[in-house]
Protein chains: 2
Amino acid sequence: MSQQSVTMADVAKAAGVSRTTVSFVLNGRTESSIPETTRERINQAARELGYRPNAAARTLASKRSSWFGLVTEIATSPFATDVIKGAQQAAWKDGNFLLVAPSDDEPGMDQRAVEKLLEQQVGGLIIATTWHRQITVPDNAKLVPCVLVNCFDADGEFPSIVPDEIGGGYAAAEILARAGHTNIGHITVAMGIPAQIGRQTGMKQALRDHGIEPDDTKIVPGDGTADSGYHGTQALLSQTDPPTAIFCGNDRIAMGAYDAIKERGLRVGEDISIVGFDDQEILAPHMRPKLTTIALPFEELGMAGVSLLNQMVEGSPIENRQITIGCPPRIRSSVAMHGQR
Amino acid sequence: MSQQSVTMADVAKAAGVSRTTVSFVLNGRTESSIPETTRERINQAARELGYRPNAAARTLASKRSSWFGLVTEIATSPFATDVIKGAQQAAWKDGNFLLVAPSDDEPGMDQRAVEKLLEQQVGGLIIATTWHRQITVPDNAKLVPCVLVNCFDADGEFPSIVPDEIGGGYAAAEILARAGHTNIGHITVAMGIPAQIGRQTGMKQALRDHGIEPDDTKIVPGDGTADSGYHGTQALLSQTDPPTAIFCGNDRIAMGAYDAIKERGLRVGEDISIVGFDDQEILAPHMRPKLTTIALPFEELGMAGVSLLNQMVEGSPIENRQITIGCPPRIRSSVAMHGQR
DNA sequence: CTGTTAGCGCCTTCAA
DNA sequence: TTGAAGGCGCTAACAG
């Protein structure tokens, strides 16, 4: 490090006071009130000398660092980067940093990542995943406060923050039902994952609440790819009584659905209504017609993660160990009113 | 921090040696050779006690930290996250961390970000942007080694690493020319930015090299959105001698182009060939037909950034201050052979 | 209200 | 080959 090194002692000397005094005013301690003039003198000296606090020294002396560790595979995938963004913003606001360590499928890597993070004296840990699922948390993560984001552990030992898949599925189906559709298809994401289960459950609930009996023959299993959306849509539209609306398990499925619909000479948002899920910013607003979809609140997940962590670090009791965050609808142009009531 | 605190002194005591000795073996110093038995004894003691080095103490004492700072707006945008990924991997491999600080449009914010990073004793700085462009670097960034990634400063004071836009444009046009197309349209990204200028320049060069005289009436200015691709394509296809192939300035433009083409009852990859740019992983491989495009080497940019930084920190002379990294083609299914030679 | 005094955990030079 | 001692820059009791 080639930084010039101006220390507190230097500032103290220049201002003609002791290091303690400098430490107090520079850290804005109010408990012992120091004359405004002294204060000013010190601040000025610091400025003139170009004093810059040394975070390592501070961490060492105070035994508390200004950063949290984030271990995640997200850094490796473009899908959920907003959780990093949210976490970062929240941390940054308090002058804290996020140390992000890449998570890896290779077994044991997570443990190593956590280990490195602990060496850096992180005050807390966030473990985040790209897609909502169950994980097993490395043991050493228990050494500091730790919260799970977009994932959860089997026995709920760690507080976790996840999207409200059920609510999202409900919202999606409701949009369609409210538009007058009664014959609604669904193409799922990969079977068995929380997103699939939750969204489908929510959808069925919404249908029932709107007086529509869910029909399992209208639900075709997909795998989250555009291809599965394409083929799923073809299957649905080939039924004898084809749906007038389809709730696609995610935006990419919707992308495939668009293609299948257009290929049949039908029009999305007129003949067939589509609702997606995820609200991928690169995709949804750019489709033709622009896709009505349900947003995954990644940024909020990240923010909630650090704020929960903050609470834990400060020792506040946390009331809610399983926080679920709503998935808000993004109404655009792929849904049409259908028939009359 | 609630970590149990086992220090080197503890290990030393347990192993019956001095702290110095412990420090030497734990850091793998070879210069003074310590008996294998002692070594083993120390390692075992460390393991048993659960010793974990304290990075803050190490940084303080050695005056060199194990991290680089990355200031970027990328953390805020899903478009170029791979540069973080690449940088992180490269850093992580050496046991180093990346401290990433959000960059902000608000003037002065970058300076503040750099300031915070310097306080953390970063050994070097990377400044990265989402899209290739010129920036002005905050003054304080000069205090440590600093490299620019996906951007550059006006007077080339900082080493910078950027994608080879010209080469990419050349490759795109060449794919089309080699497929036998001679009437090739182009829809640009936002006018005046390096991507637009470089790609267009490369394209024209490729055409000339293939005996095709560039025709400016075939070049329609866009703005990088799917909408501009849609309208640009309509314009192109309405010409009296419409192009048989279109080089779209980016993948989203290509997305719009697909829609316009399909709407006219033509088939992408048969009647009209399309080449994109960027290779957005969420988009390009999911389009129908899958989009042939030119990849932006984000990950490599990031990796090159930290490896250059490593060199600088170690004081190695750097020969190349302006590194440009190739944009490799991704051949998929949107280009068809055209006519005979 | 301000200054003195100890460390924090580790690295590193110097002796032994 | 190993041990002793000093110091990195800062915080935090505790005096004055």
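First the proteins, then the strands, lettered A, B, ... as listed; each starts at 1.
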Can you measure B:N54 atom CG to D:dC8 atom P for me and round it to whole angstrom units?
18 Å

Just by distance, no angles: are the side chains of A:E48 and A:Q44 close enough, under 3.5 Å, to form a donor-acceptor pair?
yes

Phosphate contact (C:dG9 OP1 or OP2) by A:K63 side-chain N/O below 4.0 Å:
yes

Please report the distance, rounded to the nearest Å, between CZ in B:R39 and P in D:dT1.
11 Å

Length of the line joining B:R64:CZ and D:dG9:P, which is rounded to integer Å
16 Å

Between D:dC10 atom P and A:R52 atom CZ, what is the distance in whole Å?
12 Å

Proximity to the side chain of B:A61 - top-ranked nucleotide from C:dT12, C:dG9, D:dC10
C:dG9

Over how many whole Å does the gap from A:M8 atom CE to D:dG7 atom C1' extend?
18 Å

Which residue, A:N27 or B:T38, contacts DNA chain D at a nucleotide closer to its 5' end, judged by nearest heavy atom?
B:T38

Does one side chain, of A:S160 or A:Q322, offer a donor that lies under 3.5 Å from an acceptor on the other?
yes

Give the nucleotide from the list D:dT11, D:dG9, C:dT12 with an atom nearest to the side chain of A:T7.
D:dG9

Out of curiosity, A:L98 CG to A:K85 NZ, how far, rounded to the nearest 0.5 Å?
14.5 Å

Short side-chain to backbone donor-acceptor contact, B:Q88 and A:V100, under 3.5 Å
yes

Any sub-3.5 Å donor-acceptor pair from A:N27's side-chain atoms to A:F24's backbone N or O?
no

If I take atom CG in residue B:L60 and atom P in nucleotide C:dC8, what distance separates them, rounded to the nearest angstrom?
13 Å

How many whole angstroms separate atom CZ of A:F24 from atom P of D:dA12?
8 Å

Would you say the side-chain atoms of B:T20 and B:S23 include a donor-acceptor pair closer than 3.5 Å?
no

Would you check if the side chain of A:N150 reaches a backbone N or O of A:T130 as a donor-acceptor pair within less than 3.5 Å?
yes

Specify the separation, in whole Å, of atom CZ of A:R58 and atom C1' of D:dC8.
15 Å

Using a heavy-atom distance cut-off of less than 4.0 Å, which residues of residues 11-23 of chain B contact DNA chain C?
B:R19, B:T20, B:S23

